[in-house]
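One structure is given below, encoded as structure tokens.
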Amino acid sequence: MDEFSFINAIKPKAYNQPTLIKGIGDDAAVFRSTSDVVTTVDTFVEDIHFSLETMEPFHIGYRVLAANISDLAAMGAKPAFYLVSMCIPKKWNQEALEGIYQGMNELASMYQMDLIGGDTVSSDRLMISITAMGYVSKERARYRSHARPGDIIFATGTLGDSRAGLEILLHQQKCKDKDYYIKRHRLPQPRAAFALGLREIERVALNDISDGISNEANEIAEASGVELIIIEEKIPVSQTFHQFSEKQQYEWKLSGGEDFELLGTVSKQEWARVQEIAYQENTPIKQIGYVRESDEPRVLIQSQEEVKQLTKSGYTHLK
């Protein structure tokens, strides 16, 4: 396998985005837009962020692109383009690498995203870096700093599923709905359509749940200078999630991460509209708390027994 034959093997036969002027084939891609452009990048390292022990190459590709699409969703952007750079060890053959791209292409096709470039180099460990771009109407990007006292806090989908799926794969754990939890880990569904549906709402704070809700909630609190109160019993979980131990349930729904759901805040006046949009986009959504003014930006978690501060406890890079 050489670089040029590999590029030809993964090069798209056609493109979806009308704003694309030049795709793969020159030193750089060219696109034109009258909207604001949102850009995000994520890097994934073998045996840290993914492993062949729990995934096929297809799942790896699908999942790494899902992480970027979820970031775009959290900004309220419509996914459009992505670039892929890979550091490739000799043990990975062309068939396996093409499997990774097939996984990306499967998900990208759902959003009419175009692969417009990238790079490949040799390495002693597989590393995948994806840069994704999307469009958002002017002045409609969603920021973590948009939360205000009196807002409702909401979450989409169910939390802790991906971590449950990982544990099932690692330990061959027998449980109810085993295939469901494994699918939630391997093939997550970013909430891009729901986020796009919010475009007419003037103010929404969003954060994608990639590192655990405890991390994401604290990021909103710090960026907005407010206090978030999350009611533990209202955090959405799957119907059979109670089969796991109480410790696992608590840790996984708060710190498990990689569910790629959305955590958000919106005014009480707009909450009914958000619920309507979620229904239209077939997105489960639930109110899980509220925002209030505070001299100290922080997150409190309230249960039937106590109220305590919720510190960052999900995955933290460089730690």
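Counting from 1, the numbers follow the sequence of the chain as shown.
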From [atom1] ([X]) to [atom2] ([Y]), nearest 0.5 Å:
X	Y	atom1	atom2	result
Arg292	Leu228	CZ	CG	10.5 Å
Thr283	Gln275	OG1	CD	13.0 Å
Ile153	Tyr290	CD1	OH	9.0 Å
Ile209	Lys253	CD1	NZ	13.0 Å

Where [X] and [Y] come nearest, the two heavy atoms and their spacing:
X	Y	result
Ala164	Tyr181	CB-CD2, 3.8 Å
Arg186	Tyr62	O-CD2, 4.1 Å
Gly76	Val136	O-CG2, 3.5 Å
His242	Gln249	O-NE2, 3.3 Å

Any donor and acceptor pair, going by atom type alone, linking the side chain of Asp161 with main-chain N or O of Asp259 inside 3.5 Å?
no
Is there a donor-acceptor contact under 3.5 Å from the side chain of Ser267 to the main chain of Gly150?
no
If you link I, L, V, M, F, W and Y whenever their side-chain heavy atoms are under 4.5 Å apart, who else ends up in the same group as [X]?
X	value
Ile21	Val30
Ile277	Ile152, Phe154, Phe194, Leu198, Ile201, Val204, Leu206, Leu262, Val266, Trp271, Val274, Ile285
Val121	none

Would you please say whether a donor-acceptor pair under 3.5 Å links the side chains of [X] and [Y]?
X	Y	value
Tyr180	Ser238	yes
Gln17	Asp114	no
Trp92	Glu46	yes

Report, as yes or no, whether the 6.0 Å neighbourhood of atom CG on Asp47 holds more than 12 heavy atoms from other residues, nucleotides or ligands.
yes
Only one of Leu83, Thr43, Asn68 clears side chain to side chain contact (heavy atoms under 4.5 Å, CB included) with Thr131; which?
Leu83
Is any side-chain heavy atom of [X] closer than 4.5 Å to a side-chain heavy atom of [Y]?
X	Y	answer
Pro188	Arg63	yes
Phe50	Leu126	yes
Ile229	Val307	no
Met104	Val84	yes
Ile60	Ser51	no
His185	Ser162	yes
Phe31	Tyr15	no
Arg163	Phe244	no

Would you list the pairs meeting side-chain hydrogen bond (donor to acceptor under 3.5 Å, both in side chains) in which at least one residue belongs to residues 76-90, sequence neighbours left out?
none
ILVMFWY network linking Met110 to Ile100, side-chain heavy atoms under 4.5 angstrom:
yes
Measure the acute angle between the ring planes of Phe44 and His49, then classify it against the limits of 30° and 60° as parallel, tilted or perpendicular.
perpendicular
With Tyr143, which residues qualify under ring pair (Phe, Tyr, Trp, His ring centres under 6.0 Å), at least two apart?
His146
Please, which pairs that meet salt bridge (Lys or Arg N to Asp or Glu O under 4.0 Å) have at least one residue in residues 20-38, sequence neighbours excluded?
Lys22-Asp26
